[in-house]
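Numbers here simply count residues along the sequence, with the first being 1. Both counts, for ligands and for their atoms, begin at 1 and track the order of listing.
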Amino acid sequence: MSILTAHGGLSLSRFLFQRRSFADWLGIVRSHQVSFPDWFPSCLFSISVRTSGSGMDGKRPQFGNRHLNDPSKVFQHNAWDNVQWSEEQEAAARKKVEENCGQPLPPEKQEEYENKASSFWNGFYTVHENRFFKDRHWLFTEFPELSSHSNGHPCADSGNGDAMKGNGCPKQNEGEEEGDPYPGASATYRIMEVGCGVGNTVFPILQNNIDPGLFVYCCDFSSTAVDLVKSNEHYDPSRCFAFVHDVSNEHCPFPVPEHSLDVIVLIFVLSAICPEKMQSVISRLGRLLKPGGCILLRDYGRYDMAQLRFKKGRCLSQNFYVRGDGTRVFFFTQDDLDTLLTSTGLQKVQNTVDRRLQVNRGKQLTMYRVWIQCKYIKPFSTEQQNIV
Ligand SMILES: C[S@@+](CC[C@H](N)C(=O)[O-])C[C@H]1O[C@@H](n2cnc3c(N)ncnc32)[C@H](O)[C@@H]1O
């Protein structure tokens with residue numbers, strides 16, 4: 001049942017931020033000494049809804065299990081899953097986006113944000129460091145491929161492929177065992193997180209996946225973020241290799257060969273990359289996967305609260321915005337992601353939209369979040385691999 005039924009003809013903004021504006025809400029959070037970037041609540045609230053049911057570990061259910069059937073009970077829980085949007089709500093969101101994206105920033109500003117993208121993220125991590133580091137154990141129920149692969153998963157386990165060539169990008173031979181052609185060459189299961197930030201995903205994987213054959217790579221184009229990962233007490237160079245890498249730069253080689261990875265993780269990362277470069281990013285990553293390996297992705301969906309709250313003057317191009325700190329964000333439809341992933345020859349295993357109604361019970365606020373979660377696999381047969 002739609003929550004909107006309960007609120008009838010309220011305007012979208014009033015409905016989204018009942019009683020308090022988002023700024024007020026942020027103020028409340030800040031006054032409690034918690035400072036989050038705007039993409040962080042997605043992780044925070046994702047965790048807060050896990051209370052019952054059975055996932056991989058017997059405790060955590062997959063997303064999508066708590067439904068709001070009686071709108072009068074909206075403030076009884078922190079979050080509700082699979083909230084249906086009415087046509088009016090969708091139309092109001094579309095209108096808001098048309099308004100806030102009516103006049104995109106001029107090309108020279110766009111270029112500046114692109115050219116200085118990694119510096120803006122360095123600035124972000126210098127300010128926030130890893131204060132917003134949070135447990136993300138939901139990862140293992142949504143993506144069992146990140147757990148020990150002895151449990152069975154759709155990813156493959158063979159083939160090391162060709163060694164890669166260097167060309168003046170950051171040097172990356174640290175972490176190599178003597179005689180190993182690349183870090184983690186002797187591992188039997190390789191996971192790479194791209195755009196790892198301070199390690200919100202990498203460290204839970206290292207902690208939870210005790211497979212002795214596991215090796216985890218993680219990269220980010222922010223050297224500040226990578227330094228924070230490496231200085232984390234849980235960073236173990238015998239199981240993990242963190243490196244600075246701009247995934248949108250086709251001229252920088254990865255420190256692993258093609259066809260060597262079982263899993264590539266992209267969590268709120270593709271959205272930070274300029275839309276013109278997204279396709280080549282996915283193609284480059286697809287080449288790193290073994291046949292049977294997969295890309296796991298979670299990212300912003302179209303009309304997420306974060307998109308609707310952008311003011312005029314922040315839009316770079318359709319559905320692509322720059323935040324006050326210079327970092328950028330795109331809001332996807334399921335089709336956008338399907339096209340990007342299948343165009344490289346990957347096959348869909350999952351592409352779902354997660355429409356969540358988050359509730360601040362203390363302040364009686366409701367916030368509509370939209371995230372998309374995808375799992376795409378590289379097919380085994382060469383006929384199926386028409387592009388990758
Ligand atoms: C929203 S944050 C998400 C961080 C992390 N995945 C998480 O969920 O905590 C986006 C991350 O992508 C990184 N990033 C953006 N563009 C990138 C690029 N072209 N190459 C590598 N990393 C990039 C940023 O530095 C930032 O750490």
Side-chain angles (χ1 to χ4, degrees), residues 36-47 113-139 142-143 146 169-170 172 191-205 216-230 232 242-255 263-285 288 295-301 304 306-307 316 320-323 325-332 371-373:
F36 302 125
D38 84 337
W39 45 273
F40 178 66
S42 51
C43 325
L44 178 74
F45 288 102
S46 295
I47 294 162
Y113 286 121
E114 173 64 13
N115 295 339
K116 295 187 185 160
S118 59
S119 318
F120 284 119
W121 278 105
N122 277 338
F124 172 87
Y125 287 114
T126 303
V127 170
H128 295 277
E129 296 189 339
N130 56 0
R131 282 200 299 273
F132 49 89
F133 185 86
K134 274 281 160 183
D135 182 338
R136 263 191 195 167
H137 284 78
W138 57 266
L139 281 166
E142 295 305 315
F143 299 132
L146 301 176
C169 291
Q172 290 163 356
I191 299 175
M192 179 185 284
E193 189 191 11
V194 175
C196 59
V198 295
N200 288 326
T201 300
V202 167
F203 292 117
I205 294 173
V216 180
Y217 306 86
C218 61
C219 66
D220 201 292
F221 71 171
S222 161
S223 54
T224 312
V226 172
D227 286 346
L228 284 165
V229 170
K230 285 181 166 175
N232 189 301
F243 57 102
V244 177
H245 184 91
D246 180 351
V247 74
S248 69
N249 181 348
E250 292 176 354
H251 304 295
C252 275
F254 288 101
V263 179
I264 295 175
V265 185
L266 293 166
I267 299 199
F268 296 99
V269 170
L270 200 59
S271 55
I273 291 169
C274 131
E276 288 75 38
K277 295 189 174 172
M278 288 176 185
Q279 188 66 72
S280 80
V281 166
I282 296 294
S283 302
R284 290 187 77 211
L285 295 177
L288 297 181
I295 289 188
L296 307 177
L297 178 149
R298 189 165 169 88
D299 220 321
Y300 290 105
D304 176 58
Q307 179 174 19
L316 294 163
F320 192 44
Y321 301 81
V322 60
R323 302 183 182 99
D325 61 7
T327 62
R328 298 169 303 170
V329 59
F330 186 85
F331 296 87
F332 295 99
W371 300 301
I372 297 180
Q373 185 166 301

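- Looking at ligand 1, you'll find an N or O of Phe221 within less than 3.5 Å of one of its N or O atoms.
- The shortest N/O to N/O separation between Ser222 and ligand 1 does not fall below 3.5 Å.
- Taking distance alone, with nitrogen or oxygen atoms compared against 3.5 Å, Gly195 approaches ligand 1 more closely than that limit.
- With a 4.0 Å cut-off on non-hydrogen atoms, Glu193 touches ligand 1 through its side chain and not its backbone.
- Considering backbone and side-chain N/O atoms, Thr201 never comes within less than 3.5 Å of an N/O atom of ligand 1.
- The aromatic rings of Trp371 and Phe268 stand perpendicular to each other, their planes meeting at an angle above 60°, with 30° marking the opposite boundary.
- Leu297 has its side chain out of reach of Ile267: every pair of non-hydrogen atoms, C-beta onward, lies at least 4.5 Å apart.
- Taking all atoms of both residues into account, the shortest heavy-atom contact from Val229 to Ala242 is CG1-CB, 3.9 Å.
- A 4.5 Å side-chain heavy-atom check between Leu266 and Ile282 finds at least one atom pair inside the cut-off.
- Atoms of ligand 1 lying under 4.0 Å from any heavy atom of Asp246, numbered from 1 in the order shown and given with element: 18 (C), 19 (N), 20 (N).
- A donor-acceptor contact closer than 3.5 angstrom links the side chains of Gln307 and Tyr321.
- In this structure the side chain of Val265 never reaches within 4.5 angstrom of the side chain of Val194, judged on heavy atoms.
- For Phe254 and His245, the gap between ring centers is short of 6.0 Å.
- For atom 9 (O) of ligand 1, the nearest non-hydrogen atom from the set Val329, Asn200, Leu266 belongs to Asn200.
- Within the 4.0 Å heavy-atom criterion, both parts of Ile267, backbone and side chain, lie near ligand 1.
- Of all atoms in ligand 1, listed by their number and element, those nearer than 4.0 Å to a heavy atom of Gly197 are 27 (O).
- Residue-ligand proximity, Ala272 to ligand 1, at heavy-atom distances under 4.0 Å covers atoms 15 (C).
- The closest non-hydrogen atom to atom 26 (C) of ligand 1, taken over Tyr125, Tyr300, Phe268, comes from Tyr125.
- Within the structure, ligand 1 has Ser248 among the residues with a heavy atom less than 4.0 angstrom away.
- A donor atom on one side chain and an acceptor atom on the other are not found under 3.5 Å apart for Asp220 and Ser222.
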Salt bridge (Lys or Arg N to Asp or Glu O under 4.0 Å) evaluation trace for Glu114 with Lys277: CA-CA 11 Å; Glu114 173 64 13; Lys277 295 189 174 172; 2.6 Å; yes

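- Distances between N or O atoms of Cys219 and those of ligand 1 include no value under 3.5 Å.
- When non-hydrogen atoms are compared, ligand 1 lies under 4.0 Å from the side chain of Trp121 (C-beta onward) but not from its backbone.
- Proximity to His245 (heavy-atom distance under 4.0 Å) selects the following atoms of ligand 1: 20 (N), 21 (C).
- Contact annotation: for Cys196 versus ligand 1, heavy atoms closer than 4.0 Å belong to the backbone alone.
- Aromatic rings from Tyr113 and Phe120 are positioned such that their centres are separated by under 6.0 Å.
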